[in-house]
Amino acid sequence: MEISDRDFDEKVLSSEKPVLLEYWASWCPPCHTIKKVLKKLDGEDTWFRVVTINVDRNLGYASKYSVKGVPCFMIFKQGELIHREVGARSEKQIRAMLNEHI
Amino acid sequence: MQHNEEKTCWNCPAALLKGNVDFRACGQSIAVIQNKISEEGLLIECTRRPELGMFEPSITFEQCPEWRETQYGYLLKEMRVMILGIDGYLGWTLALKIAKLGCRVSGIDNYLRRNAVAEKGSKSVVPIADMETRLKTAKEQHGVDIDFRELDLLDRDELAEYLREVQPEAVVHYGEIPSAPYSMVDAEHAIRTQHNNTLGTLGVLFLIKEICPEANILKLGTMGEYGTPLTGRPIFEGLFPADAVLTWRGQEWSMGGELTPRDPASFYHVSKVQDTFNVYEACKYWWLRSYDVMQGVIFGVHTEEVAAHPDLRTRLDVDEWFGTVINRFVAQAVLGIPLTVYGSGEQIRGYLALEDAMECMVRLLSSPPEPGQYDVVNQLSQLYKVKELAEIVARVGSRRHGLTVRIQRVENPRIEADEHPFLVVAKKLRENLGYQPKTPLEVEIDRMFTLLLQPRVRGRLESVRDTVFPKTWWSGEHKETMTLEVYEPGTHVMAGYSPDLVVSDHDGDE
Ligand SMILES: NC(=O)c1ccc[n+]([C@@H]2O[C@H](COP(=O)([O-])OP(=O)(O)OC[C@H]3O[C@@H](n4cnc5c(N)ncnc54)[C@H](O)[C@@H]3O)[C@@H](O)[C@H]2O)c1
């Protein structure tokens with residue numbers, strides 16, 4: 001699901017479920033390719049939520065969390081940022097990240 | 001459901017971003033950036049609907065009255081499309097097609113192609129009218145107004161003026177020298193090709209950035225940019241897919257989204273690879289948006305629009321420099337020259353009919369990338385071996401037109417792998433843009449025979465007979481090309497590797 005700064009609070013910080021969030025940019029080809037994987041993950045599991053957010057269009061929270069590079073993956077639990085990783089990741093690596101932190 | 005109905009203003013070239021913030025400048029001063037972000041988030045203005053004022057860019061193509069439904073998806077009403085190289089084989093054909101679909105078409109050409117073919121001592125075997133007649137006939141037959149300027153795209157001042165006048169919402173860039181053998185003749189031809197293509201494109205990118213940065217840039221590349229890697233690794237669509245991984249010393253890295261390796265097959269193909277990097281960088285630096293179209297070899301003569309009148313026909317070349325393989329085989333069959341297969345004839349390439357190529361281009365026009373997005377599509381319908389194509393042309397020529405066709409293997413003047421695996425991925429046009437190939441190979445070959453056998457076309461074909469046999473050696477040597485063997489169709493078995501085309505996720509590649 002694509003979100004914006006406006007529903008960041010609702011979809012991420014106030015989420016009951018843990019959230020995997022990815023900051024992306026239109027000029028970042030790895031960000032586009034990973035979208036398909038994230039969509040798939042979002043569809044197959046119900047115990048966490050996957051959201052994507054465009055960094056150039058939503059600089060509010062990006063600057064708050066000091067996002068410096070994309071793709072930037074973050075995991076939130078109960079509104080708290082518990083893990084972050086910057087850089088392209090394979091599906092296997094994303095699954096491993098989820099298993100380790102959620 | 002239309003393939004592009006859920007796209008929004010983010011993909012629309014009529015949308016002007018207000019206060020576009022570049023996150024990459026974040027490190028410089030967070031305070032400055034924060035000041036730029038309005039309370040509302042990012043807004044846009046629509047150049048077509050100024051009455052909306054500033055609004056959130058969330059209107060879909062389906063909802064927006066400026067996007068009209070067509071058989072190829074939603075299309076921007078009266079979209080202003082500028083075609084660079086509009087007098088060419090593909091440029092003219094596309095101009096008629098999209099003008100009929102309601103686009104406002106403009107174009108430039110400096111007749112480089114007509115002149116280069118004349119330099120070879122050849123001409124288009126299908127007679128083509130001059131531009132003035134073409135435009136007049138287009139108006140009479142199809143009721144369309146196409147605007148044309150004779151100019152060299154390397155003349156940046158003139159092109160800038162024209163771009164300012166037209167303010168295109170899409171730029172289709174066909175305006176290059178398209179021949180591999182031409183680029184291999186000698187230093188002069190190689191330099192001319194790279195100068196025209198690479199520097200031409202670089203200049204065009206600067207002009208688009210200055211004048212119409214929102215335009216959807218359809219840049220023509222070729223499948224020949226990739227080469228034919230002997231490892232047989234897949235030929236992805238320009239960028240590695242998300243699940244491609246590099247493993248080294250027990251560690252793993254994702255390759256997703258990185259440019260795949262290129263291994264161009266001539267100095268012409270090198271010019272296209274250079275273009276690829278220039279377009280890729282321009283999108284990244286300046287928020288331009290582009291499809292880099294890795295096109296297979298086009299064959300054929302037919303679209304509904306060009307077939308409507310003899311003065312609307314598009315060119316067809318059969319000489320060794322500018323003729324492409326299927327077109328040349330049909331011409332050779334008509335001339336009674338055994339079809340010239342180079343080397344073993346086991347080379348595998350991607351192909352598509354002229355008509356299908358045009359449909360692909362319309363679909364790409366209908367679905368612009370987002371600002372800053374560089375995307376690549378492999379545009380082809382099917383893979384064939386050269387030897388197999390000779391067999392098919394021979395079969396259609398003899399069964400449908402009573403011709404006696406033979407095949408000859410000649411020395412391969414090119415430096416290329418004669419036998420190679422070829423696993424090609426061509427999913428995006430089909431899966432994301434709703435394309436399905438419609439023109440069977442035999443049908444188009446049959447149409448070509450019918451046209452080339454018309455007395456006035458056949459006469460022209462006879463007059464260029466001497467330009468057909470290959471003479472340009474990649475090694476730079478000046479020597480005759482020897483015939484290795486002449487054989488009857490149906491007497492040779494296919495050996496070696498089989499073509500492998502992946503067109504959907506269900507083909508088990510991912
Ligand atoms: N035809 C194919 O099979 C095929 C396959 C793959 C890619 N392509 C690519 O598609 C594009 C169009 O191919 P085509 O077959 O129509 O070739 P073409 O030569 O018929 O068309 C190119 C047109 O651009 C014009 N042109 C070239 N340089 C110019 C300049 N500096 N200023 C103004 N006009 C200029 C030429 O005069 C010509 O009319 C080319 O970029 C080609 O590399 C073609």
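Minimum interatomic distance between A88(A) and G256(B) (heavy atoms only, all atoms of both residues): CB-O, 4.3 Å. Looking at every heavy atom in both residues, Q93(A) comes nearest to E252(B) through NE2-O, 3.2 Å. Between S254(B) and R89(A), the closest heavy-atom pair is CB-C, 3.4 Å.
Atoms NZ and CG, from K40(A) and D505(B) in turn, are 8.5 Å apart once rounded to the nearest 0.5 Å. Note that CD of E431(B) is 5.5 Å distant from NZ of K36(A), once rounded to the nearest 0.5 Å. Taken from CG in N11(B) to OG in S26(A), the straight-line distance is 10.0 Å, to the nearest 0.5 Å. With rounding to the nearest 0.5 Å, the separation of CZ in R6(A) from CD in E56(B) is 4.0 Å.
No more than 12 heavy atoms of other residues, nucleotides or ligands shown are found within 6.0 angstrom of CD on E80(A). For Y65(A), the OH atom sits in a packed shell: over 12 heavy atoms of surrounding residues, nucleotides or ligands are nearer than 6.0 Å. Enclosure of atom CD in E6(B) is not indicated, since only 12 or fewer non-hydrogen atoms of other residues, nucleotides or ligands lie within 6.0 angstrom. Heavy atoms of other residues, nucleotides or ligands lying less than 6.0 angstrom from CH2 of W47(A) number more than 12. With a 6.0 Å radius and a threshold of 12 heavy atoms from other residues, nucleotides or ligands, K17(A) has its NZ atom above the threshold. By the 6.0 Å contact criterion, NZ on K209(B) is enclosed, its count of non-hydrogen atoms from other residues, nucleotides or ligands being greater than 12.
Heavy atoms closer than 4.5 Å to chain A are found in the backbone of F240(B), but not in its side chain. Of the two parts of A62(A), neither the backbone nor the side chain holds a non-hydrogen atom closer than 4.5 Å to a non-hydrogen atom of chain B.
Residues P29(A) and Y280(B) are in side-chain contact: their nearest non-hydrogen atoms beyond the backbone lie under 4.5 Å apart.
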Note to self: Determine whether F236(B) and T33(A) satisfy the following criterion, side chain to side chain contact (heavy atoms under 4.5 Å, CB included), listing intermediate values before the conclusion.
What the structure shows: CA-CA 12 Å; F236(B) 296 113; T33(A) 49; over 6 Å; no
